[in-house]
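Please read the structure below before turning to the comments.
Sequence lines set the chain letters: A, B, ... in the order given, protein chains first and strands last, and positions in each chain run from 1.
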Amino acid sequence: MAGYTAEVYVVLKPLVNDPEGLVIGDGLRNLGFAGVKTVRSGKYLTIELEADDRAEAEQQVEEACQKLLANPVIEDYRFTVREVSAAT
Amino acid sequence: MAGYTAEVYVVLKPLVNDPEGLVIGDGLRNLGFAGVKTVRSGKYLTIELEADDRAEAEQQVEEACQKLLANPVIEDYRFTVREVSAAT
Amino acid sequence: MTAAIDPTILHEVALTPPEYDRIVELLGREPNRVELGIFGAMWSEHCGYKTSKPLLRNFSSAGPAVLQGPGENAGAVDIGEGWAVVFKIESHNHPSAIEPHAGAATGVGGILRDVFTMGAFPIAALDSLRFGPLDQPRNRHLFGGVVGGIGDYGNCFGVPTVGGEIYFEDCYTENPLVNAMAVGLIRRDRLMRARAEGKGNLVMLVGADTGRDGIHGATFASVELSQDSESRRPAVQVGNPFLEKLLMEACMQLIKEELVVGMQDLGAAGLTSSTVESASKGGMGIEIDVAEVSRREQGMDAYEVMLSESQERMLIIVEPERQNDVLRVFRKYDLHADVIGEVTDTGRLVVRDGERVEADVPVGLLVDEVPYRYPEAHPSPERAAIRAQAIDLTGGPGPAEAFRRLLASPNIASREGVFRTYDHQVQNNTVVLPGGDAAVVRIKGTRRAIAITTDGNGRYTYLDPRLGAALAVAEAARNVVATGARPLAVTDCLNFGNPEKPEVFWELQQAVEGMAEACRELEVPVVSGNVSLYNDTSGVSVWPTPVVGMVGLIEDIAAVTRVGFTSPGDVIVLIGESAEELGGSEYARTVLGTVAGHPPRVNYDLEFRTNDVVLEMINQGFLNSAHDLADGGLAIAVAESCFAGGVGARIDQLKRGDLSPEALLFGETQARYLVSIDPGERRLAEVLATARAHKVSVRAIGVVGGDRIEIGEWISEPLADARAAWEGGLG
Amino acid sequence: MAASFGVVVFPGTWSDRDCFYAVHDQLHQEARYIWHKERDLSGLDCVILPGGFSYGDHLRCGAVASLSPVMDEVREFADRGGFVIGICNGFQVLCESHMLPGALLRNASTQFRCMPTNLLVENTSTPFTTEVTPGSVLRVPISHGEGNYYADPETLRMLEDTGRVVFRYVDGGGAATPEANPNGSANNIAGIVNEAGNVLGMMPHPERASDPLLGGEDGLEIFRSIVENSDRVVVG
Ligand SMILES: Nc1ncnc2c1ncn2[C@@H]1O[C@H](COP(=O)(O)OP(=O)(O)O)[C@@H](O)[C@H]1O
Ligand SMILES: [Mg+2]
């Protein structure tokens, strides 16, 4: 087993509207950030996990995204996985 | 003016309680992902903005993080900025 | 004799060198670091009430309905048919100043825990808030954060947030007041107490894992906010209302199955105060092993575990043969439950980390030897001068304009924008929703209901702490009475500045005396409360702000009465007599820009009789609406009854006498109500006769109807315009 | 006519007691609570997925709850024709379980809203609405932060064309205006049914409009409809 860190990004699909992003965008413009055009809000999850190897770690995270972390009706996801502690 | 995309990551400081991360971690383990150790949840914002140059864009995003996007009491942030359309 | 103790260590635990010497003397040796931390926490203002305790003895908790007075996690009052209500109010001012959302949320979590620790199911929450003016971005940020935090916690937990109050004054800039009240319901014979009894019984820690958050929260609340507070920031805790909900459900099941001997939540000073207090109340000792405590982080030492203020944790005392049943309950909810020690007969708190003894202190020293402070007290001469000022009405804008400005004053404007972000209906009991005088929550399975309110006018207490505190009680009573409830009991939250300042300690003394007196006179015992001192920023104290939370009882829910006018044609009746009292009024503040003068006088006998009249008439079913007169006086009360009823009113029978029009319209004379009555069926005659029989002045002053608010020759405003001003006041 | 209701309780559910009260205390029907780890739905005519903050609303509202053991059974129960009504968080769970199309996004205001709404009942032939007079407007409160109904345009059109939009937020006069829309929902949608018509999801809380003392009984018409149609349920 080795330790891995996965960073998962979940964002709303481009056509789904994003009230949170709209409110943040307005908030920034109100604060004087006139150059801000659009803001989209998403989630950023950091997962520490153990797996036999990197391929297995990636496959676990892929599955986790499909089963729980993202809702395919409204969201897209991507992730990266890196090894943080060597096999024991 | 040129167009830039900033990607902002906002995460809870390491010692701050993260109820959302706890629920996601338990949820994943319940689904059978036994290798999952910890999950920390954060925000991922994508901001489209215009600025005179990259340095200015970075400085704007830095300020936005301090003023609105992150809560310095409990959160840390980092970001990247890239140019998406050349100066006009 | 002082040993070579590093002053920075004493500062960290907020003890003075003489207090340290006293500890050495009592222990007969130097305390180690863990022990010192434990003393610091238990002797802090927050846990030990070292400044306020002697004063609190003024309060009387005696009353036929009182089941539990101050001294437990919350007070309890009998409401009949075998039911009791449990309630308390508590401040979370300092944490909210640092991080408003998390600070307010954990404040709500803490007070809910106090209530369910008593075994009661939380049925209502309220919040009494004070902020600086909203035109400053920092204040708006604090306001938004606090309201958001209250909503997030209560909404997720599933308790209706049914009421509260919000005031804006300069003195609360940087130091908002966030007082949360919770009310719970329990069968009266099921009340749980925070006692560690029975040698050999197990001490279990249940709920959330323990992390490094909030270490030194108790001492933090016992000093002034300063630049230095910045560096204490890791103390901020993030609450978990979801976990609290599970913890509550699990605790309810433990009580239902009679599986526990005692229960004590972990609040300020976490494991330290919960073990010490329950051992002290049970007259026993406790020995625990911190190695058995589930952690959220690695590498925590005994000091950190003992002082962590991680939220959503509970200490329970369990007979060994019940352990498996208790574990079964917690497993159902996927909650941790650790056996961390046992009850002993040594009278000592012994803390081990595995084999190593980290602390060994007699419980009595921590609880009974708290070194009380008796600071100097004297009144502020400037304040007396301000109070003596007459209110100069020349240069005022005229009543019509004053009326519009008052409607839009943030202190009077509609709170709907706030309370619609709170779930105020969950549990299906909220009979009178937020926005009325008091919220009314029915008791399912009975005809009964309780009315709940929080009140405290900082302007009055600033000008006259003793009178102001009494007026808070009187106003709370009227709010409860206006719904048809008889005042039952009070919980109080005393928000003051740094008591080491003689004028602040004087304010505290005066306010406690005034409140105690009013409670005695109006026959409402004080059953619980909380004290928050050191509400200062950069050396400036907030106004003395005692807040009263009151619960009243309605025996037949059919009698519930609301503020809104119901029927065009109804006669509007003013109960009580108006005087030339504009001192400390919202009119003086908002329209004339002055906070000065003498607050309205209180006449307990008159209050009592007036309340009796109103209750009697409500119980006879004579009143179609009832509303007490408070901030902004008669004109604002008329407007609020119009808004709530969606109908106008014409007031054309006022008797002015020698009053100024301003005092008549906006004066804040006490013991007054505005009611509306169906003119048919001889009700009006009965009402007038009843009032006169009680020697309470009463007068029919107008009629409900139309689409304007018209008051004498002074005010004639389209209802819609008035409403728009009122609805827009919070921006 | 009598019906048997099962009220599912997830960790963090809080409308369970209110729903139980509506059907049991107000309508005198049989009812029992079903903890989310249980799998026995025998004897039920209708499963209620109540409101609340299951799993603290973390990640996405209803996401973690949709994976609870009981949901396997609820899905099968629905496939066999049992009635399922998801209220508020229950609606979110049904969407996350893909038993209903679409998703519930953050309210357009990004704020929580607890307030009364007017619901135009657009389809009175579902088992949840047969007791409602056609064209009538029910007054039912909402209480949510994420009730902003979303579906892609094709799905929306299909829902509209096939009468699957059961409740719509309207003003006092019955018009579906933007002002009457409390959360930004597409087409002011407040509630929809599945294709077979036996699974309803709605954001408003009918159980909070089930007592005259608390300002109305309009919500009871929905539960009453379920009772009246329960003879159609034969899942056993
Ligand atoms: N101002 C007050 N009036 C009456 N009782 C008070 C007051 N302040 C504190 N108390 C009582 O003192 C006890 C300790 O209060 P507190 O430290 O706030 O309790 P907890 O630690 O359970 O939150 C409680 O029983 C409380 O009701
Ligand atoms: Mg307590």
If you look only at pairs with a residue in residues 15-40 of chain A, which of them pass as a ring pair (Phe, Tyr, Trp, His ring centres under 6.0 Å), with sequence neighbours excluded? none
Region of V11(A) that comes under 4.5 Å of a non-hydrogen atom in chain B: side chain
What is the minimum heavy-atom distance between L68(B) and I24(A), and which atoms define it? CD2-O, 4.0 Å
Between chain A and chain B, which N or O donor and acceptor atoms come closer than 3.5 Å?
{"residue": "E7(A)", "atom": "OE2", "partner": "R78(B)", "partner atom": "NH2", "Å": "3.4"}
{"residue": "G35(A)", "atom": "O", "partner": "E50(B)", "partner atom": "N", "Å": "2.8"}
{"residue": "K37(A)", "atom": "N", "partner": "E48(B)", "partner atom": "O", "Å": "2.7"}
{"residue": "T38(A)", "atom": "N", "partner": "E48(B)", "partner atom": "O", "Å": "3.3"}
{"residue": "T38(A)", "atom": "O", "partner": "E48(B)", "partner atom": "N", "Å": "2.8"}
{"residue": "R40(A)", "atom": "N", "partner": "T46(B)", "partner atom": "O", "Å": "2.9"}
{"residue": "R40(A)", "atom": "O", "partner": "T46(B)", "partner atom": "N", "Å": "2.9"}
{"residue": "G42(A)", "atom": "N", "partner": "Y44(B)", "partner atom": "O", "Å": "2.6"}
{"residue": "G42(A)", "atom": "O", "partner": "Y44(B)", "partner atom": "N", "Å": "2.9"}
{"residue": "Y44(A)", "atom": "N", "partner": "G42(B)", "partner atom": "O", "Å": "2.9"}
{"residue": "Y44(A)", "atom": "O", "partner": "G42(B)", "partner atom": "N", "Å": "2.7"}
{"residue": "Y44(A)", "atom": "OH", "partner": "R78(B)", "partner atom": "NH2", "Å": "2.7"}
{"residue": "T46(A)", "atom": "N", "partner": "R40(B)", "partner atom": "O", "Å": "2.9"}
{"residue": "T46(A)", "atom": "O", "partner": "R40(B)", "partner atom": "N", "Å": "2.9"}
{"residue": "E48(A)", "atom": "N", "partner": "T38(B)", "partner atom": "O", "Å": "2.9"}
{"residue": "E48(A)", "atom": "O", "partner": "K37(B)", "partner atom": "N", "Å": "2.7"}
{"residue": "E48(A)", "atom": "O", "partner": "T38(B)", "partner atom": "N", "Å": "3.4"}
{"residue": "E50(A)", "atom": "N", "partner": "G35(B)", "partner atom": "O", "Å": "2.9"}
{"residue": "R78(A)", "atom": "NH2", "partner": "E7(B)", "partner atom": "OE2", "Å": "3.4"}
{"residue": "R78(A)", "atom": "NH2", "partner": "Y44(B)", "partner atom": "OH", "Å": "2.7"}

Tell me, for A51(B) versus chain A, whether the close heavy atoms (under 4.5 Å) come from the side chain, the backbone, both or neither. neither
pair L28(A)-L49(B): side-chain heavy atoms closer than 4.5 Å: no
